[in-house]
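In the text below, chain A, chain B and the rest are named by the order of the sequence lines, each starting its count at 1.
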There are 2 protein chains.
Amino acid sequence: MTVAQQAARAKEASYVLAALPPETKDRALNAMACALRVHADEILAANRLDLQQARLAVEAGHMKPALYERLKLTREKLETVIKGVEELVELPDPVGRVLAATELDEGLSLYKISCPIGLIGVIFEARPDVVPQIAALAVKSGNAVMLKGGSEAAHTNDALASTLQTALASVPGYPAQALQLIHTREESAEMLALDQYFDLIIPRGGNGLIAYVKANTKIPVLGHADGVCHIYVAASADLEMACRICVDAKTQYPSACNAVETLLLDERWPEKNKKALLETLLKNGVSLFGGADIAALARVSGPVTDWHTEYGEKKLSVKQVKNLLEAISHINRFGSHHTDCILTAEHEEAQIFMDLVDSAGVYHNASTRFADGYRYGFGAEVGISTGKTHARGPVGLEGLTIYKYKLYGNGQVVADYVGANAKPFTHKKIGSKQ
Amino acid sequence: MTVAQQAARAKEASYVLAALPPETKDRALNAMACALRVHADEILAANRLDLQQARLAVEAGHMKPALYERLKLTREKLETVIKGVEELVELPDPVGRVLAATELDEGLSLYKISCPIGLIGVIFEARPDVVPQIAALAVKSGNAVMLKGGSEAAHTNDALASTLQTALASVPGYPAQALQLIHTREESAEMLALDQYFDLIIPRGGNGLIAYVKANTKIPVLGHADGVCHIYVAASADLEMACRICVDAKTQYPSACNAVETLLLDERWPEKNKKALLETLLKNGVSLFGGADIAALARVSGPVTDWHTEYGEKKLSVKQVKNLLEAISHINRFGSHHTDCILTAEHEEAQIFMDLVDSAGVYHNASTRFADGYRYGFGAEVGISTGKTHARGPVGLEGLTIYKYKLYGNGQVVADYVGANAKPFTHKKIGSKQ
């Protein structure tokens, strides 16, 4: 079957999914969880095949060891994923919610109702646990989905997808062709050209992948290119809190996109505090980069050549700023509009920072590492968006929906509402549900 | 100044706009309305210049007479636009609304707050009344905007934009560079390449314009390509209502995108009803297109060669369908996901239609012509979207906003919430406002 044929089938299924009762979707999620447990051995065996090939690639220097680690699926990891699928059952249906209701005139009622987006293409790199995660989010939100995984994980992805497809096919009324898997770069390129079928593309991976996707499709793209997060330590910041938050934001998981990459120190913050904070970071294994003024405070490993740098490891750019406005302006200019934080004792100052910094997440006195769908209480996330249309920040079930307008009349025509004797619209808010 | 420089200034202004108090924005709207009244003579004089050139173009056969009409700005049209600007003052601020509020843990509160999108590029054809309309929507929603009008309306657009810029500059605290105007196709092409500055592009115009924009930018695009709207007359439909609604939907304003283009008649609807409905349409000057079965019912002007046809005039494709599901399937396959209507006495049947038809507007017993921001009660619209991300259907102020997440803590770090002794999240809904 060609990618276009697969897409056509998935699109066809998406129309059915849009009207599926919540119970059917929850039944599908339970079937998926059950099937993943039943077929765990096969899935892990398929993963061992991928790992064998990956090990050879690492030994030959064709693959980074970190990639090998992400490829690895253990029984524990699989169980965590399965629990995630089951947790979605407990969440309310994101589809069919009444977002607004207006009486346009007597007997003419307009409802804005949440509905699925349609057919979504997700392109991801090594991690095979993404397959059941995204598939489950798609089921709950009523979307059809075509997944393109990394070729390194082909056996694992195949085993996962066929397990899930079998599970979906066992649920009466669920169109199993709503879940499709493709493998190669050529297929991926074909998918990006099918704007007649796909409503959204979500690339999950490095900058290269996202830039490639954006450059090669007319389909809307949801994702984030960089995570250049900042912490601004204001003049009134508490030293102990600054140490705790900066260490967490930089070292708790340095390769995460919500890890801090640039520390902005207010010039007016006491010099002994600056020294103590930088010393604490050094003690926690962080290499500092900065100018002569920073070198005068602590040991630096070199200057900063590009303030828009996502290290992804225990390295940190450090800069002194004159005041709040210089900090805001630096962040808006060099940041990636992901998540940025101010440490201050002044609530007023925090408000200005949070209003003027143009990022998906603006934090007061909390680690940037909180930027995550699970921590935000979304149950799960399909990714984090730094775009400014559709969905922003961690994207959960709600970001996988859009809405339609349902208008109920009893024969109304527009001609009655225009011209000299036009009937007026009432535009009254409707309190009760549809 | 280059387009990139104009865009950089507008982007800079957008950061200020995001934190502007509602009073400043409303003061800006009042200043705009006032200036448009004061400078009405100059604006109309500029319009006469454009009209003179347009008349020559029409006489030379280089411009369609309909385009000339749309170019024309009268004192009445201008006053309607000014009233529209003033009406926006009365609407609530779409920015700063608390869309969700969650306590993640004691002392750690997450707020989802509506905010402007940033910098929006709007490309439109002849109609110069779009300039104050879009500028006003941008002001109220806190967005910076760059407008590219048709070259035919260059004098009028210039007069309007400079009047509005002067008005904005007179408002203390309002960054007047938030409104920019460009003129040529080359400038428009430059704008589409500036994805580092623009957050959204809205093309308003024909299919050609929209296809061109989509093919030439990486910036998200909001708009609609076609308006192929359907009315399905079900077996139980009332004849009188069918006549009234079909005549309105086809003839009240045939060139509108929400005018009906295809009529689907259920085979089981009585033959005398079919004949009467088609006869009524013919009497109202509508030319019918259809197969032999339709020709047996009424005079047809020819067969339908493409079911995805937007006539934009008093022409209508007519087809018989076996049942509800065939109608739905035809609409999803050949429609443009704009606005589609079912005429039926059966509420249950209407529900199935409205759930399964994948369009921005799904109507029961009402004319498709109601699909409009003003009629929906949005105050005004920036356009109608048939896309399925961000905003769908008529797009008003709300569609010009996105949101950011504000997280307020007192020193929380993620390390405390992971691992063996992880603190649990509370994820409690916060009732009160920020």
I need the residue from Val414(A), Val362(A), Ile402(A) with the largest number of non-hydrogen atom pairs under 4.5 Å to chain B.
Val414(A)
Heaviest contributor of heavy-atom pairs below 4.5 Å to chain A, chosen from Asp238(B), Leu110(B), Ile328(B), is Leu110(B)
Compute the centroid of each ring, for Phe370(B) and then for Tyr417(A), and state whether the two points are separated by less than 6.0 Å.
yes
Chain B contact via Phe353(A) - which portion, at a heavy-atom distance below 4.5 Å
neither
Max heavy-atom pair count under 4.5 Å with chain B, selected residue of Asn332(A), Leu200(A), Leu17(A), Val247(A):
Asn332(A)
Measuring heavy-atom distances to chain A, does Leu108(B) have an atom under 4.5 Å in its side chain, in its backbone, in both, or in neither?
side chain
Quick one: which of Arg369(B), Lys388(B), Gln412(B) has the most heavy-atom pairs under 4.5 Å with chain A, could you say?
Lys388(B)
CZ of Phe334(A): more than 12 outside heavy atoms within 6.0 angstrom?
yes
Output the option from Lys404(A), Glu12(A), Lys11(A), His390(A) having the highest count of non-hydrogen pairs under 4.5 Å with chain B.
His390(A)
If you count every heavy atom of other residues, nucleotides or ligands that lies below 6.0 Å from Glu348(A) atom CD, does the total exceed 12?
no
Under 4.5 Å from any heavy atom of chain A - which part of Glu398(B)
side chain
Ranked by heavy-atom pairs below 4.5 Å to chain A, first place among Gly393(B), Ala18(B), Ala391(B), Pro220(B) goes to Ala391(B)
With only heavy atoms counted, which part of Val357(A) is less than 4.5 Å from chain B, the side chain, the backbone, both or neither?
backbone
Nearest atoms (heavy-atom pairs only) where Asp248(A) meets Val413(B)
CG-CB, 3.3 Å
Among Val16(B), Thr389(B), Ile245(B), which has the most heavy-atom pairs under 4.5 Å with chain A?
Thr389(B)
Taking all atoms of both residues into account, what is the closest heavy-atom pair of Asp355(A) and Ala19(B), and its distance?
CB-CB, 3.9 Å
Looking only at Arg244(A), Lys218(A), Arg392(A), the option with the highest number of non-hydrogen pairs under 4.5 Å against chain B is Arg392(A)
Checking Tyr363(A) side chain against Lys406(B) main chain: does a donor-acceptor pair fall under 3.5 Å?
no
Over 12 foreign heavy atoms within 6.0 Å of CZ, Phe425(B):
yes
Would you say that more than 12 heavy atoms from the other residues, nucleotides or ligands in this model lie under 6.0 Å from the CD of Glu106(B), or not?
no
Give a yes or no on whether the backbone of Ile219(B) and the side-chain of Lys214(A) come within a donor-acceptor separation of less than 3.5 Å.
no
Ser329(B), part contacting chain A, at a heavy-atom distance under 4.5 Å
neither
Just say parallel, tilted or perpendicular for the rings of Tyr408(B) and His364(A), cut-offs at 30° and 60°.
perpendicular
Smallest heavy-atom separation, Tyr15(B) atom then His337(A) atom, equals OH-CE1, 4.0 Å
Report the option among Gly411(B), Ala415(B), Ser367(B), Gly377(B) that has the most heavy-atom pairs separated by less than 4.5 Å from atoms of chain A.
Gly411(B)
Interatomic spacing from OH in Tyr376(B) to CG in Leu407(A) - rounded to 0.5 Å
6.0 Å
Specify whether His427(B) and Tyr374(A) have parallel, tilted or perpendicular ring planes, treating 30° as the upper limit for parallel and 60° as the lower limit for perpendicular.
perpendicular
Could you tell me which non-hydrogen atom of Arg375(A) sits nearest to which non-hydrogen atom of Leu104(B), and how far apart they are?
O-CD2, 3.5 Å
Between Gly118(B), Ala366(B), Ser14(B), Cys341(B), who has the most heavy-atom pairs with chain A when the cutoff is under 4.5 Å?
Ala366(B)
